[in-house]
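Position 1 is the first residue of the sequence, and the numbers go up from there. The figures here come from the full heavy-atom set of this structure, side chains too, leaving out hydrogens, waters and symmetry mates. Quick caveat: nothing in here was measured; it's all calculated off a predicted structure.
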Amino acid sequence: MKYISKIILLFIVLAISSCNEEYLDTFPTDQLGADQVLGTISNQRAALEGIHRHMYGVGGSQDERSGYGNMMINYDFLGQDVVNPQRGSGWFIGVHQWLEHRDNGSSLVRHTYDYFYTMIANANNIINSIDDVEGSDDEKNNIKGQAYFYRAFAHFNMVQLYGGRYKAGQVNDQLGIVINLDDLSNLGEAKSRSTVDQVYAQIEADLTIALQSLNASTVTFSDKSQISANAVNGLLARVALTKGEWANAITFAQAARQGHALTSSAQIQEGFNNSGATGWIWSSQVIPDQGTYFASFFAYMSYNYSSSHIRNDPKCINADLYDMISSTDVRKGFWKVTAAEQAAVDIPSNFRKAPYMNTKFEALPSGTIGDGDVVLMRTAEMILIEAEANAHLGGANEVAARTALFSLVSQRDPNAVISTNTGQALLDEILVQRRVELWGEGFNFLDLKRLNLPLKRSTRGSFSLTQARVTDIPAGDLQWQFFFPISAININPNLVQND
């Protein structure tokens with residue numbers, strides 16, 4: 001990872017430069033060490049703001065610059081519920097075809113690896129230096145808690161992609177990823193991959209510290225880009241769900257949504273672009289003069305952003321999944337199937353339309369940044385985690401599963417009735433609701449892998465075999481693991497490839 005260290009340091013410098021230009025005038029930027037850059041509490045806060053910015057915009061090619069939004073798109077294009085009817089500008093096609101994540105020279109594996117380890121290294125620089133900086137414990141606890149969260153978040157994403165699937169109740173000694181707890185000065189050290197169990201132990205340890213630190217601080221923000229105790233509990237719920245620790249998943253999911261009411265049926269139809277929406281626990285609040293424009297999440301997933309990609313390749317839903325949605329469910333209106341429904345979509349005449357095209361994500365008006373805030377965690381997800389975990393527990397917990405599910409579905413469908421399903425049928429019902437509610441938000445590939453389910457793409461609707469190449473991938477196949485980039489293997493001889 002030594003080859004990205006200068007990029008990481010530059011990233012911190014750029015983050016701080018917007019807040020403290022006089023400081024940078026004092027030293028040549030190519031001679032700054034992390035201890036100098038992070039020598040004050042204000043610079044620690046600026047470095048943290050740089051990680052927030054990293055969540056929605058970084059360098060790289062056009063399809064990489066949308067930060068974590070780029071990862072969300074990759075996760076869904078690898079799944080079965082987001083359909084590419086046309087090639088568009090060609091972005092993400094190799095991902096959709098299950099080619100790029102198994103190519104050690106592809107931009108996907110290189111960018112994914114660099115993106116998350118850059119986040120980890122920046123978090124490490126804060127974690128490893130903040131205790132020595134002068135400042136109030138209140139402020140330091142807030143910054144430290146958020147940095148620990150980001151380190152855990154990045155490791156969690158990485159182990160799900162590059163590691164073997166976590167097998168609940170078993171010894172998970174399959175290879176995971178390299179755990180990095182070092183600052184910039186030690187990035188060149190060759191390290192071996194830790195086991196999946198070891199990686200998850202580190203993730204949980206970091207999240208425990210994150211929660212303790214944030215709870216020990218009275219610093220609060222209205223900006224949902226900042227990490228709150230709710231967001232930490234939400235990530236702990238995701239981790240517990242992935243590990244099959246159902247009781248913990250329920251506890252953390254309930255804690256995560258405290259104080260965050262479910263988004264109403266009216267507000268959920270407003271374009272998924274506003275960080276202030278009820279029910280959004282964590283999001284990237286895009287600063288108006290720092291939008292990523294043609295590299296934004298909305299430049300690929302909205303229906304109305306005037307990018308060549310959107311104009312030629314509207315994103316559609318799996319037709320089989322669409323048919324599972326009740327006709328009285330407001331979410332069914334996210335997708336336009338008939339010619340009349342498509343004709344009613346208010347977009348310029350040079351935009352291509354297609355059956356099952358989505359209108360869930362709406363870019364903010366052109367003339368400003370033509371962008372929008374990116375949703376990262378919602379109350380609805382936490383309710384679905386609670387419902388799924390209770391269904392897995394079975395027995396008396398099925399009542400709680402049905403109750404949690406109804407609390408969500410009844411807000412989406414005025415004609416909904418509480419489920420009477422049990423066993424696998426109840427679990428399947430919850431998973432369908434999860435696919436519908438979280439469509440396009442970056443969960444499908446990861447859900448299939450954690451549940452050890454096969455990829456099964458519907459060939460109906462706007463599905464194009466030319467664009468997708470594959471329709472079925474067996475559960476447990478080695479293809480569910482990303483390759484490591486050859487650039488990283490060349491530098492670290494201890495990094496074992498997934499082949």
Parallel, tilted or perpendicular: ring planes of Phe484 versus Tyr162, cut at 30 and 60 degrees: parallel
Exam field: side chain Glu386 to backbone Met382, donor-acceptor pair closer than 3.5 Å: no
Working for side-chain hydrogen bond (donor to acceptor under 3.5 Å, both in side chains), residues Thr195 and Asp173: CA-CA 5 Å; Thr195 67; Asp173 56 3; over 6 Å; no
Side chain Asn273, main chain Leu364, donor-acceptor under 3.5 Å: no
Centroid separation His155 to Tyr200 less than 6.0 Å: no
Pair Gln481-Asn498, side-chain donor/acceptor within less than 3.5 Å: yes
Distance-only polar pair, side chains of Asp428 and Gln424, donor-acceptor under 3.5 Å: yes
From CD (Glu100) to CZ (Arg110), nearest 0.5 Å: 10.0 Å
Spacing of OG belonging to Ser283 relative to CZ belonging to Arg378, to within rounding of 0.5 Å: 11.5 Å
Parallel, tilted or perpendicular: ring planes of Phe153 versus Phe149, cut at 30 and 60 degrees: parallel
Charged N-O contact under 4.0 Å between Asp182 and Lys191: yes
Distance-only donor-acceptor check, side chains Gln226 and Glu49, under 3.5 Å: yes
Phe298/Tyr305 aromatic ring centres below 6.0 Å: no
Min side-chain heavy-atom separation Arg331-Glu437 under 4.5 Å: yes
4.5 Å side-chain heavy-atom contact, Gln467 and Ile93: yes
Shortest non-hydrogen contact between Ala231 and Ile281, atoms and distance: N-CG2, 3.9 Å
Pairwise side-chain contact, Asn318 with Arg457, heavy-atom cut-off 4.5 Å (strictly under): no
Asn230 side chain reached by Trp282 side chain, heavy atoms, under 4.5 Å: no
Side-chain ion pair, Asp313 and Arg352, N-O less than 4.0 Å: no
Sidechain-backbone polar pair: Arg193 side chain, Val178 backbone, donor-acceptor under 3.5 Å: no
Pair Val239-Ile203, side chain to side chain contact (heavy atoms under 4.5 Å, CB included): steps then yes or no: CA-CA 8 Å; Val239 171; Ile203 291 166; 4.0 Å; yes
Qualifying residue, where the test is side chain to side chain contact (heavy atoms under 4.5 Å, CB included) with Arg151 and the options are Ile127, Leu207, Ile179: Ile127
Asn157 vs Tyr75, side-chain hydrogen bond (donor to acceptor under 3.5 Å, both in side chains): CA-CA, chis, key distance, verdict: CA-CA 11 Å; Asn157 275 270; Tyr75 298 163; 2.8 Å; yes
Pair His54 and Phe116, ring centroids less than 6.0 Å apart: no
CA sep, side-chain torsions, deciding dist, call: Leu408, Leu384, side chain to side chain contact (heavy atoms under 4.5 Å, CB included): CA-CA 8 Å; Leu408 170 65; Leu384 287 162; 3.7 Å; yes
Spacing of Ser192 atom OG and Ile177 atom CD1 [to the nearest 0.5 Å]: 13.5 Å
Asn452 side-chain N/O to Leu448 backbone N/O, donor-acceptor pair under 3.5 Å: no
Donor-acceptor under 3.5 Å (Asp76 side chain, Gly442 main chain): yes
Sidechain-backbone polar pair: His309 side chain, Tyr300 backbone, donor-acceptor under 3.5 Å: no
4.5 Å side-chain heavy-atom contact, Leu455 and Trp98: yes
Contact summary for Gln285 and Ser225, nearest pair of heavy atoms: N-OG, 2.7 Å
From CA spacing to verdict: side chain to side chain contact (heavy atoms under 4.5 Å, CB included), Thr338, Glu341: CA-CA 5 Å; Thr338 67; Glu341 288 173 339; 3.1 Å; yes
Arg311 and Asn304 side chains, donor-acceptor separation under 3.5 Å: no
Gln174-Asn172 side chain donor-acceptor pair, cut-off 3.5 Å: yes
Distance in Å, Lys353 NZ paired with Lys336 NZ, rounded so as to fall on 0.5 Å steps: 10.5 Å
Nearest atoms (heavy-atom pairs only) where Asp413 meets Ser326: OD2-OG, 2.9 Å
Other residues, nucleotides, ligands: >12 heavy atoms within 6.0 Å of Asp346 CG: no
Geometric class of the Phe445/Trp480 ring pair [parallel <30°, tilted 30-60°, perpendicular >60°]: parallel
Short side-chain to backbone donor-acceptor contact, Asn122 and Leu48, under 3.5 Å: no
Axial cation check for Phe482 ring with Arg102, 6.0 Å and 45° limits: no
Spatial distance of atom CG (Asp103) from atom CG (Leu99) [nearest 0.5 Å]: 8.0 Å
Side chain to side chain, Ser284 and Asp373, heavy atoms closer than 4.5 Å: no
Ring-face cation contact, Tyr56 with Arg53, 6.0 Å cut, 45° max: yes
Sidechain-backbone polar pair: Lys224 side chain, Trp280 backbone, donor-acceptor under 3.5 Å: yes
Intermediate values then yes/no, side chain to side chain contact (heavy atoms under 4.5 Å, CB included), Thr471 and Phe463: CA-CA 10 Å; Thr471 58; Phe463 176 83; 3.6 Å; yes
Non-hydrogen atoms of Ala391 and Ile430 that approach each other most closely: CB-CD1, 3.7 Å
Interatomic distance, Arg412 atom CZ to Ile325 atom CD1 [nearest 0.5 angstrom]: 12.5 Å
Cation-aromatic face contact Lys332/Tyr322, 6.0 Å, 45 degrees: yes
Closest approach of Ser302 to Ile310 (non-hydrogen atoms, all atoms of both residues): O-CD1, 3.0 Å
Cationic N near anionic O, under 4.0 Å, Lys360 to Glu441: yes
Proximity of Phe361 and Phe297 rings by center, below 6.0 Å: yes
Lys/Arg-Asp/Glu bridge criterion (N-O < 4.0 Å) met for Arg460, Asp320: yes
Donor-acceptor under 3.5 Å (Lys315 side chain, Val83 main chain): no
Salt-bridge contact Arg435-Glu429 (side-chain N to carboxylate O under 4.0 Å): no
Minimum heavy-atom distance Thr359-Tyr303, with the two atoms named: CA-CD2, 3.5 Å
Heavy-atom check, side chain of Val95 versus side chain of His101, under 4.5 Å: no
Test item: Asn180 and Asn124 side chains (from C-beta on) under 4.5 Å apart, heavy atoms: yes
